[in-house]
Amino acid sequence: MTALTKSWERLAVPLFILAAWEVFSRSGVLPQALLPAPSVVLHTWADWITGFDESSQANSGRWLADALSSALRVAAGYAIAAVSGVALGIAIGWWRWVERTVEPTIQMLRPVPPVSWIPLAIIWFGIANKPAIFLVFLGAFFPILMNTIHGVKTADRNLIRAASMMGATEQQLLRHVVFPAALPSIFAGLRIGIGAAWMLTVTAEMVAVKSGLGYVLWDSYYFLRYDLVLAAMASIGLLGFATDGAIKLLMSAALHWQHGSTLQSREG
Amino acid sequence: MASIDLQNITKIYRDAKRKRDLLAIDDVSLSVQPNEFLCLLGSSGCGKSTLLNMIAGFEKPTTGTVTVGGKPVGGPGADRGMVFQQANLMPWLPVWENVAFHLRLKGWRKADRRSAAQEYIDMVGLRGFENHYPAELSGGMSQRVGIARALLLNPQVILMDEPFAALDAQTKMDMQEELVAIWQKQRCTVVFVTHSVDEALVLGTRVAVMTSRPGRIRELIDLDLPRPRDITSPRFNDHKRHILNLIREEGMQQRSVAAA
């Protein structure tokens, strides 16, 4: 299959949706202000990014700053979640006593929606980056943790036996056998976690922070600028897609040894 | 050179679900001399792998002692090399890193590990596959990596748990020949678990025929057949007939016990 037909395959569905939306929006069934056409959204979005005609008013030309402040919150909360989730997950998966002492608490906290922490987060951290980072951490932490535990628990016992027959200490087993064996599961958790991270940044920005894509989205809603709302939504979607793509790249580099032995590797 | 001593070994498994004890191994004593190639021969479930795992240190006898080179076995360790039924290679490491895994644990630098691994990769005939990953290897090649990995420890004792059971007949014969050549060169003590009479007779200097449930040593047979062994020679067949008779008697006793 040629590269051209392949990219056509990927673009066909989004292009069809955009075209249908444009036609529907221009037909006048709904007022244009409530469902702006994609062309209008693109126009506003372009101004938000470049500031060429101030059609996005106060936000004109501020997209990069908004996107960056959201992305930094995601990065900070996600990094903390990744490090602590993987470390604690390995500990819970490996040592029975850690599992017995820590896991019940974790499993009780897990079903509490991260959003419900917002009141406490604001009291603890004020209105700034910190509550958003805290929320991102909460959202990304549990999927990373759960998948790491699963990865450790399903590590092949025979590999551990083989390594201990070669004189591996417990610490070496964890580093040289258990961690690499759990890596495919860990990456599954990391990919679920990055989605949760973007969701919670935007939520936090709607409520507890005065900058970022989520803030622009909610603020534009108050001014009935649905074109900006849609542009903000699209920005979040694109950034989420890009970060997931980055993690996927990292994953295929780290798990290159799976090539040829799993379904995933068929994509090439 | 290390000898292996098993003294009055019994193993009782507690069947928690049915609340009764299962006698898996009943008073086995066995000593393996340095340089010996001992084959533990028995049907599945006779406890031969359990005995091997005790020498490896994965399992502890209920009563009795296991010593290797005069020292009691406390747990798994790099003084004994083990080759498993499945090759058990780390799928994320290329062939040479798997062979040199022990040196990775010892903190050797990459270049040193790489050159140390080469000798053993050549020994098992895998030159040219150093950078392949386990998923790209056939069953026979994986087992060769497992053997090279055990040899790199330079152990005085090599324990093998039906390492060729999953290979096709032709590959199995090649591997058996190579194993004998390696053993003759390395001068180490080998304990080889198998359920194949032919395999035991092709490889061993001694064969321990085991009974099943509870596992006991039925008979120890010294093999002084010349190598390479001719599996069609009359003497080979005499041994084979004798062992097959032992196994048949054993099976008949089992059935009469079961019927009673």
Side-chain angles (χ1 to χ4, degrees), chain A residues 86 90 93-96 147-148 150-190 248-268, chain B residues 49 52-53 55-59 73-95 97-108 113 131-137 142-143 145-155 157-161 163:
Chain A
V86 170
I90 289 178
W94 184 252
W95 288 292
R96 270 292 172 73
N147 280 282
T148 306
H150 172 78
V152 172
K153 295 231 173 225
T154 53
D156 187 351
R157 265 187 71 215
N158 287 323
L159 296 184
I160 293 163
R161 281 161 70 106
S164 40
M165 208 61 216
M166 284 178 281
T169 61
E170 191 176 38
Q171 205 193 329
Q172 285 178 323
L173 284 179
L174 287 174
R175 189 180 144 203
H176 293 290
V177 183
V178 174
F179 177 71
L183 215 47
S185 290
I186 291 175
F187 269 108
L190 288 174
K248 250 169 103 173
L249 272 180
L250 194 69
M251 175 167 87
S252 65
L255 303 182
H256 63 99
W257 50 273
Q258 283 190 330
H259 280 201
S261 61
T262 58
L263 274 181
Q264 181 173 279
S265 62
R266 275 201 315 206
E267 287 175 24
Chain B
S49 291
L52 195 78
N53 282 334
I55 305 172
F58 291 128
E59 289 191 49
V73 170
D79 56 326
R80 287 144 290 155
M82 177 120 176
V83 182
F84 301 86
Q85 189 166 357
Q86 270 82 39
N88 292 339
L89 307 177
M90 312 297 158
W92 52 87
L93 296 177
V95 164
E97 283 267 43
N98 265 294
V99 171
F101 191 82
H102 173 61
L103 304 176
R104 190 185 171 89
L105 297 177
K106 282 169 77 181
W108 284 34
R113 296 203 303 268
N131 291 311
H132 280 54
Y133 282 85
E136 303 170 294
L137 302 178
S142 300
Q143 255 337 338
V145 178
I147 292 170
R149 180 173 70 175
L151 290 172
L152 178 129
L153 301 171
N154 197 20
V157 172
I158 294 188
L159 309 172
M160 306 185 108
D161 189 2

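Within every chain, numbering begins at 1; the chains are lettered A, B, ... in the order of the sequence lines, protein sequences first and strands thereafter.
With sequence neighbours excluded, the residues that form a side chain to side chain contact (heavy atoms under 4.5 Å, CB included) with A:P180 are B:W92. In this view, B:Y133 and A:H256 satisfy the ring pair (Phe, Tyr, Trp, His ring centres under 6.0 Å) rule, not counting sequence neighbours.
Screening residues 99-108 of chain B for salt bridge (charged side-chain N to carboxylate O under 4.0 Å, His left out) gives B:E97-B:R104 as the qualifying pairs, with residues at least two apart or on separate chains.
Taking B:P94, B:P91, B:G57 one by one and counting their heavy-atom pairs under 4.5 Å with chain A, the maximum is reached by B:P91.
In this structure, chain B has heavy atoms under 4.5 Å from both the backbone and the side chain of A:A163. Heavy atoms closer than 4.5 Å to chain A are found in both the backbone and the side chain of B:L105. At a 4.5 Å heavy-atom cutoff, B:L152 makes no contact with chain A through either its backbone or its side chain.
Of all residues in residues 165-173 of chain A, those placing a non-hydrogen atom less than 4.5 angstrom from a non-hydrogen atom of chain B are A:M165, A:M166, A:G167, A:A168, A:Q172.
Under a cut-off of 6.0 angstrom, the local environment of NE2 in A:H150 is sparse, with at most 12 non-hydrogen atoms contributed by other residues, nucleotides or ligands.
Under the 4.5 Å side-chain criterion, counting only non-hydrogen atoms from C-beta, A:W257 is not in contact with B:M90.
With B:F58 as the aromatic partner, A:R161 meets the cation-pi criteria of under 6.0 angstrom to the ring centre and within 45 degrees of the ring axis.
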